[in-house]
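Working notes, structure below.
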Amino acid sequence: MFKTPHGEIQTPVFMNVGTQGAIKGGLSAFDLKEIGCQVELSNTYHLHLRPGEKVVKAMGGLHRFMRWDGPMLTDSGGFQVFSLASRRKITEEQVVFASHIDGRKIEMSPEDSIRIQAYLGSDIAMALDECVENPSPYEYVRVSCDRTTRWLKRCDQELRTQVSAPDAINPGQVLFGINQGGVFEDLRVKHMREIARLELPGYAIGGLAVGETAGEMYAIIDAVEPHMPPDRPRYLMGVGTPVNIIECVSRGVDFFDCVMPARNARHAHLYTWQGRINLKNEKYTLNQNPIDGKCGCHVCANFSRAYLRHLFKCEEMLAMRLAVIHNLWFYNNLMREIRTAIEEDRFDSFRNEHSSVLDRRI
RNA sequence: GUGGGUAUAGCUCAGUAGGUUAGAGCACCAGAUUGUGGAUCUGGGGGUCGUCGGUUCGAGCCCGAUUAUCCACC
């Protein structure tokens with residue numbers, strides 16, 4: 001459990017990604033409530049570009065703007081350092097992007113990122129880091145980690161300034177630090193120990209699920225986890241598949257977020273308790289079953305696979321919307337099942353039952 | 001009716017000078033996707049080259065006929 005100004009978060013939790021203040025696929029904050037979402041996640045870089053943090057602040061902050069009244073986390077733009085690598089330059093002072101929209105110069109220092117997140121008014125702000133690509137040379141990762149540590153201290157300072165401002169949107173906003181270090185366990189551990197000294201309210205593991213194998217990812221979590229504060233939430237950024245999540249919960253992770261359920265849904269890849277299906281497959285043309293017979297979402301309660309396949313083949317907007325509702329419901333429900341299993345002290349059997357099944361294609 | 005053009009994959013079209021197993025885009029069938037560029041990438045199936053005949057060692061390509069279709073004119 002983790003307390004925020006907009007309510008408590010029951011952990012482990014999956015945070016639902018609404019990069020630009022909306023869930024792609026046509027879902028609003030009200031849909032988020034219905035699918036059982038606890039935490040909404042938005043992005044600093046994208047909202048900085050459109051509509052701009054000043055607009056959001058003038059509209060009363062992102063909670064009011066998008067009508068989401070629950071806990072909210074904002075990512076710092078650090079992932080765009082990775083995903084938009086060809087459009088940015090990093091210096092000690094800041095990162096400079098060429099906007100992916102119109103090419104204009106976007107300067108973002110650690111202070112800028114935090115100020116933007118303060119204007120957005122999220123409950124949890126993430127530190128600006130460099131998510132390094134994999135593979136990267138040891139020496140590059142070492143230098144990058146040291147800079148990310150310095151940036152974290154600057155973020156910490158800036159957040160203190162921002163939340164104490166008289167017109168702060170969310171005076172209760174807190175900062176999470178982010179561990180980096182690529183696939184090098186010694187750098188990971190060293191970096192984690194350094195940032196743990198700042199005694200932040202939460203810590204994330206970043207830079208994973210960027211090309212390394214699942215085995216490598218688990219090994220790094222096993223190495224880093226003992227050095228994370230035991231009484232603070234641990235957030236594994238950008239992960240993952242249902243099996244990744246179960247495996248990482250068993251390794252002590254509390255927070256997850258991932259674009260996969262929503263992105264896959266938009267491409268007709270849907271999750272079931274038996275595995276993943278591709279609704280565009282011809283074999284569903286006359287299939288009268290719901291996506292998942294055990295699912296409690298309103299899509300499964302009402303619509304056949306055949307109808308959803310038809311909507312996808314016709315590229316109706318409704319196809320994406322219904323598919324995203326199902327996949328996000330599935331993920332949020334998966335976390336609910338995990339929490340219940342933990343409470344009832346049967347997580348190991350839950351893990352054994354589902355880990356070999358959920359990620360397979362059927 | 002006359003003259004001319006066209007006919008190649010489900011669709012739109014390439015196909016050099018007559019020379020192995022006829023290609024592309026889209027569509028279709030599949031696969032990938034991990035702090036979201038509604039993106040992208042990868043693979044696959046599918047063609048008696050309108051029909052009949054001729055020339056040639058060899059024809060999608062050249063010749064004749066025929067059918068369909070488009071354009072112009074009467």
Side-chain angles (χ1 to χ4, degrees), chain A residues 14-27 39-47 49-50 73-88 97-103 113 117 122 124-134 176-180 202-214 216-217 235-245 247-248 253 255-269 271 276-285 309 312-315 317 319-321 323-324 327-328 331 359-362:
Chain A
F14 178 78
M15 303 189 286
N16 297 245
V17 182
T19 301
Q20 312 197 71
I23 305 294
K24 290 186 190 299
L27 275 64
V39 186
E40 193 275 342
L41 188 156
S42 288
N43 182 275
T44 300
Y45 167 85
H46 289 284
L47 289 170
L49 261 57
R50 292 182 300 204
L73 181 145
T74 41
D75 188 25
S76 60
F79 185 69
Q80 279 62 44
V81 175
F82 162 76
S83 65
L84 301 177
S86 62
R87 313 188 60 94
R88 55 74 175 158
F97 294 97
S99 161
H100 70 280
I101 299 167
D102 57 12
S113 175
Q117 296 183 70
S122 61
I124 300 169
M126 298 306 299
L128 184 66
D129 62 340
E130 179 190 356
C131 177
V132 287
E133 67 174 337
N134 181 57
F176 280 16
I178 305 175
N179 171 249
Q180 291 288 344
Y203 285 93
I205 301 174
L208 291 182
V210 291
E212 81 285 358
T213 66
E216 289 176 299
M217 177 170 82
Y235 166 23
L236 179 57
M237 305 185 79
V239 174
T241 70
V243 171
N244 289 158
I245 288 174
E247 289 303 309
C248 294
V253 175
F255 285 32
F256 298 88
D257 82 281
C258 190
V259 305
M260 281 181 86
R263 178 182 288 160
N264 281 345
R266 295 199 303 279
H267 296 101
H269 290 259
Y271 292 93
R276 301 146 51 213
I277 66 172
N278 182 352
L279 260 192
K280 284 188 182 176
N281 287 2
E282 197 166 31
K283 61 186 175 185
Y284 299 121
T285 305
R309 171 179 145 86
F312 268 111
K313 298 304 286 183
C314 298
E315 298 183 27
M317 284 188 288
M320 285 189 184
R321 179 176 151 77
V324 171
N327 268 4
L328 291 184
Y331 262 65
D359 282 2
R360 73 181 177 187
R361 272 302 306 270
I362 55 173

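Reminder, nothing fancy here: chain letters follow the sequence lines and each chain counts from 1.
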Review point. Is any side-chain nitrogen or oxygen of A:R361 closer than 4.0 Å to OP1 or OP2 of B:A32?
Key: yes
The answer to which of A:M317 and A:F79 contacts RNA chain B further toward the 5' end, by nearest nucleotide, is A:F79
d(A:E247 CD, A:I245 CD1) to nearest 0.5 Å is 11.5 Å
Looking at every strand, decide which applies to A:N278 at a 4.0 Å heavy-atom threshold: base, sugar-phosphate, or nothing. sugar-phosphate
With the side chain defined as heavy atoms from C-beta on, A:A262 is closest, among B:G35, B:G37, B:U36, to B:U36
*Any A:H46 side-chain N or O less than 4.0 Å from OP1/OP2 of B:U36*: no
Original post:
Across the strands shown, which category fits A:N281 at heavy-atom distances under 4.0 angstrom: base, sugar-phosphate, nothing?
Top reply: sugar-phosphate
- Message: Once you measure the plane-to-plane angle for A:F255 and A:Y235, does it fall in the parallel (<30°), tilted (30-60°) or perpendicular (>60°) bin?
- Response: tilted
Compute whether any side-chain donor of one residue and acceptor of the other, for A:N278 and A:Y284, lie under 3.5 angstrom apart.
-> no
Report task. Give one of base, sugar-phosphate or nothing for A:I101, where a contact means two heavy atoms less than 4.0 Å apart. Result -> nothing
Which of B:U33, B:U36, B:C29 is nearest the side chain of A:K313? It is B:C29
Ranking B:C29, B:U36, B:U34 by distance to the side chain of A:R309, first place goes to B:C29
| task | Record whether the side chain of A:H267 comes under 3.5 Å of the base of B:U33 through a donor-acceptor pair of N or O atoms. | result | no
Review point. Ignoring hydrogens and angles, does a donor from either the side chain of A:R266 or the base of B:U36 sit under 3.5 Å from an acceptor on the other?
Key: yes
Within the 4.0 Å heavy-atom criterion, would you say A:R87 contacts the bases, only the backbone, or no part of the nucleic acid? base
Among B:G37, B:G35, B:A30, the one nearest any side-chain atom of A:L84 is B:G37
Within the structure shown, what part of the strands sits under 4.0 Å from A:Q20 by heavy-atom distance: base, sugar-phosphate, or nothing? nothing
Q: Scan A:L236 against the nucleic acid and name what it touches under 4.0 Å (heavy atoms): base, sugar-phosphate only, or nothing.
A: nothing
Scanning all shown strands, the Watson-Crick or wobble mate of B:A68 with both distances under 3.5 Å is B:U6
* To do: Could you tell me whether A:A204 contacts a base, only the sugar-phosphate backbone, or nothing, with contacts defined as non-hydrogen atoms closer than 4.0 Å?
  => nothing
Ranking B:U34, B:G31, B:G35 by distance to the side chain of A:S76, first place goes to B:G35
For the P atoms, the ones on B:C28 and on B:U69, what distance do you get once it is rounded to whole angstrom? 30 Å
**Prompt:** B:U56 and B:G60: how far apart are their C1' atoms, nearest whole angstrom?
**Reply:** 16 Å
To the nearest 0.5 Å, atom CE of A:M237 lies from atom SG of A:C258 at 12.0 Å
Practice item. Confirm from the modelled atom types if A:Q180 and B:G35 form a donor-acceptor pair under 3.5 Å, side chain to base only. Key: yes
Of the listed B:U34, B:A30, B:U33, the closest approach to the A:H269 side chain comes from B:U33
Among the nucleotides B:U36, B:G31, B:G35, whichever has the atom closest to the side chain of A:N43 is B:U36
